[in-house]
Peer 1: 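Encoded as structure tokens, here's the structure I'll be asking about.
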Amino acid sequence: MDMSNLNVEILEDSASLEGYVQMIWDVEPTDRIDFRADLLKSARGGWQPTVFSMVQKDFCSTLFDEDGFWYKAWGQFVDEDDRKCINHKGVTYHHVPFNLELAVDIEGERISGLHKAVFQFEAYDGHDNLRSEVCIQMLLDIIVK
């Protein structure tokens, strides 16, 4: 994903985003995309798993579903003409300026400190063979307010 034309400004409890991103992943529009996200915590000199993970089989079927998680968090801010899944190489997502909320309430869990979010996308062809995979990692400093 080429994010060089996406402007991000970190605010107190949100991030302000505007601009566009372009998909450069070499997959086919007929490929099924599976998604997995895990939050790891820095501990004892390494990364330890937490209870926070998400698995989305057939990611494309839900990406722009108006009742779904992805639409509410991000998809609603993408120009309607650009609403194709990430399995379309070269698709460009033009965004209206928006704020992405960074603050969340998590009952029962007291997390703080250095964490790593790991996002994995896997593309499967029509015969269910793995064609390609992409892994994105982000370091997060989580604070309790």
Side-chain angles (χ1 to χ4, degrees), residues 1-42 47-126 128-145:
M1 183 178 293
D2 178 358
M3 298 175 61
S4 61
N5 293 296
L6 182 67
N7 298 314
V8 180
E9 180 183 354
I10 303 299
L11 307 171
E12 185 170 330
D13 290 333
S14 67
S16 173
L17 292 94
E18 70 177 282
Y20 64 92
V21 298
Q22 184 175 34
M23 292 308 302
I24 55 175
W25 191 18
D26 195 13
V27 293
E28 298 295 323
T30 55
D31 289 349
R32 184 187 83 244
I33 307 298
D34 289 353
F35 170 79
R36 178 178 180 93
D38 292 292
L39 184 67
L40 307 173
K41 180 173 178 62
S42 177
W47 294 106
Q48 304 298 318
T50 69
V51 298
F52 301 103
S53 65
M54 170 191 255
V55 174
Q56 177 71 61
K57 296 289 185 183
D58 196 9
F59 179 73
C60 292
S61 69
T62 62
L63 183 58
F64 293 108
D65 175 3
E66 292 186 13
D67 294 322
F69 170 81
W70 298 113
Y71 183 82
K72 291 174 183 174
W74 170 76
Q76 66 179 315
F77 305 108
V78 173
D79 186 283
E80 286 188 38
D81 294 336
D82 297 342
R83 293 183 184 174
K84 295 178 187 165
C85 193
I86 62 174
N87 60 354
H88 289 79
K89 183 178 180 181
V91 68
T92 301
Y93 297 122
H94 294 89
H95 300 93
V96 296
F98 70 102
N99 281 1
L100 180 64
E101 297 300 317
L102 299 177
V104 294
D105 287 328
I106 302 172
E107 278 191 42
E109 283 294 322
R110 301 207 31 93
I111 62 171
S112 63
L114 185 61
H115 287 72
K116 176 169 62 170
V118 179
F119 306 101
Q120 185 170 346
F121 296 89
E122 296 176 332
Y124 292 89
D125 67 17
D128 215 26
N129 295 315
L130 180 64
R131 179 189 306 275
S132 178
E133 59 187 317
V134 175
C135 181
I136 301 167
Q137 299 183 21
M138 294 173 22
L139 291 179
L140 308 168
D141 188 12
I142 299 177
I143 57 173
V144 176
K145 284 192 169 186

Peer 1: Would L130 and E122 count as a side chain to side chain contact (heavy atoms under 4.5 Å, CB included) here? Give the steps.
Peer 2: CA-CA 7 Å; L130 180 64; E122 296 176 332; 3.8 Å; yes
Peer 1: Would you say S14's side chain and L11's backbone share a donor-acceptor pair under 3.5 angstrom?
Peer 2: no
Peer 1: Kindly say whether T92 contributes a backbone atom to a donor-acceptor pair with the side chain of Q22 at under 3.5 angstrom?
Peer 2: no
Peer 1: Do W25 and S132 have side-chain atoms, one donor and one acceptor, less than 3.5 Å apart?
Peer 2: yes
Peer 1: D125 versus E28: any side-chain heavy-atom pair under 4.5 Å?
Peer 2: no
Peer 1: Please list all pairs passing the salt bridge (charged side-chain N to carboxylate O under 4.0 Å, His left out) test where one or both residues lie in residues 73-98, with sequence neighbours left out.
Peer 2: D26-K89
Peer 1: F35 and ring pair (Phe, Tyr, Trp, His ring centres under 6.0 Å): which single residue from F69, Y124, W70 fits?
Peer 2: W70
Peer 1: Output every pair passing disulfide bond (SG atoms under 2.5 Å apart) with a member in residues 52-92, not counting sequence neighbours, ordered by first then second residue.
Peer 2: C60-C85
Peer 1: Once rounded to the nearest 0.5 Å, what's the spacing between atom CD of Q76 and atom CD of E66?
Peer 2: 9.5 Å
Peer 1: So, using side-chain contact (heavy atoms from CB on, under 4.5 Å) as the criterion, who are the partners of F77 when residues are at least two apart?
Peer 2: V96, F98
Peer 1: Can you check whether I86 reaches F59 side chain to side chain, under 4.5 Å on heavy atoms?
Peer 2: yes
Peer 1: Among all residues two or more places apart in sequence or in another chain, which pass the side-chain hydrogen bond (donor to acceptor under 3.5 Å, both in side chains) test with D2?
Peer 2: S4
Peer 1: What residues, two or more places apart in sequence or in another chain, satisfy ring-ring contact (aromatic ring centres under 6.0 Å, His included) together with Y93?
Peer 2: W74
Peer 1: Can you list the residues that meet the side-chain contact (heavy atoms from CB on, under 4.5 Å) rule with M3, with sequence neighbours excluded?
Peer 2: M1, L6, V21
Peer 1: Could you tell me whether the side chains of Q137 and K116 share a donor-acceptor contact shorter than 3.5 Å?
Peer 2: yes
Peer 1: Can you give me the closest heavy-atom contact between P49 and L40, atom names plus distance?
Peer 2: CA-CD2, 3.7 Å
Peer 1: For R32, enumerate each residue passing the salt bridge (Lys or Arg N to Asp or Glu O under 4.0 Å) test, keeping only those at least two apart in sequence or located in another chain.
Peer 2: D34, D128
Peer 1: Taking E18's backbone N and O only, do any of them form a donor-acceptor pair with H95's side chain (distance below 3.5 Å, no angle check)?
Peer 2: no
Peer 1: Sequence neighbours left out, what passes side-chain hydrogen bond (donor to acceptor under 3.5 Å, both in side chains) with E133? Give chain and number order.
Peer 2: Q120
Peer 1: Who passes side-chain contact (heavy atoms from CB on, under 4.5 Å) against A15, sequence neighbours left out?
Peer 2: V8, I10, L17, L102
Peer 1: Would you name the heavy atoms of V27 and A123 that are closest together and state the gap between them?
Peer 2: CG1-CB, 3.5 Å
Peer 1: What's the shortest heavy-atom distance between A37 and F119, and which atoms?
Peer 2: CB-CD2, 3.7 Å
Peer 1: So, using side-chain hydrogen bond (donor to acceptor under 3.5 Å, both in side chains) as the criterion, who are the partners of N87 when residues are at least two apart?
Peer 2: none
Peer 1: Considering non-hydrogen atoms only, spot the tightest contact between F121 and I136 and give its length.
Peer 2: CE1-CD1, 4.2 Å
Peer 1: State whether the side chain of K57 and the backbone N or O of I33 hold a donor-acceptor pair below 3.5 Å, judged by distance alone.
Peer 2: no
Peer 1: For I142, what residues pass the side-chain contact (heavy atoms from CB on, under 4.5 Å) criterion, not counting sequence neighbours?
Peer 2: L39, I111, H115, L140
Peer 1: Under 4.5 Å between any side-chain heavy atoms of D141 and L139, yes or no?
Peer 2: no
Peer 1: For Y20, enumerate each residue passing the ring-ring contact (aromatic ring centres under 6.0 Å, His included) test, keeping only those at least two apart in sequence or located in another chain.
Peer 2: H94
Peer 1: Is E12 atom CD crowded by more than 12 heavy atoms from other residues, nucleotides or ligands, each under 6.0 Å away?
Peer 2: no
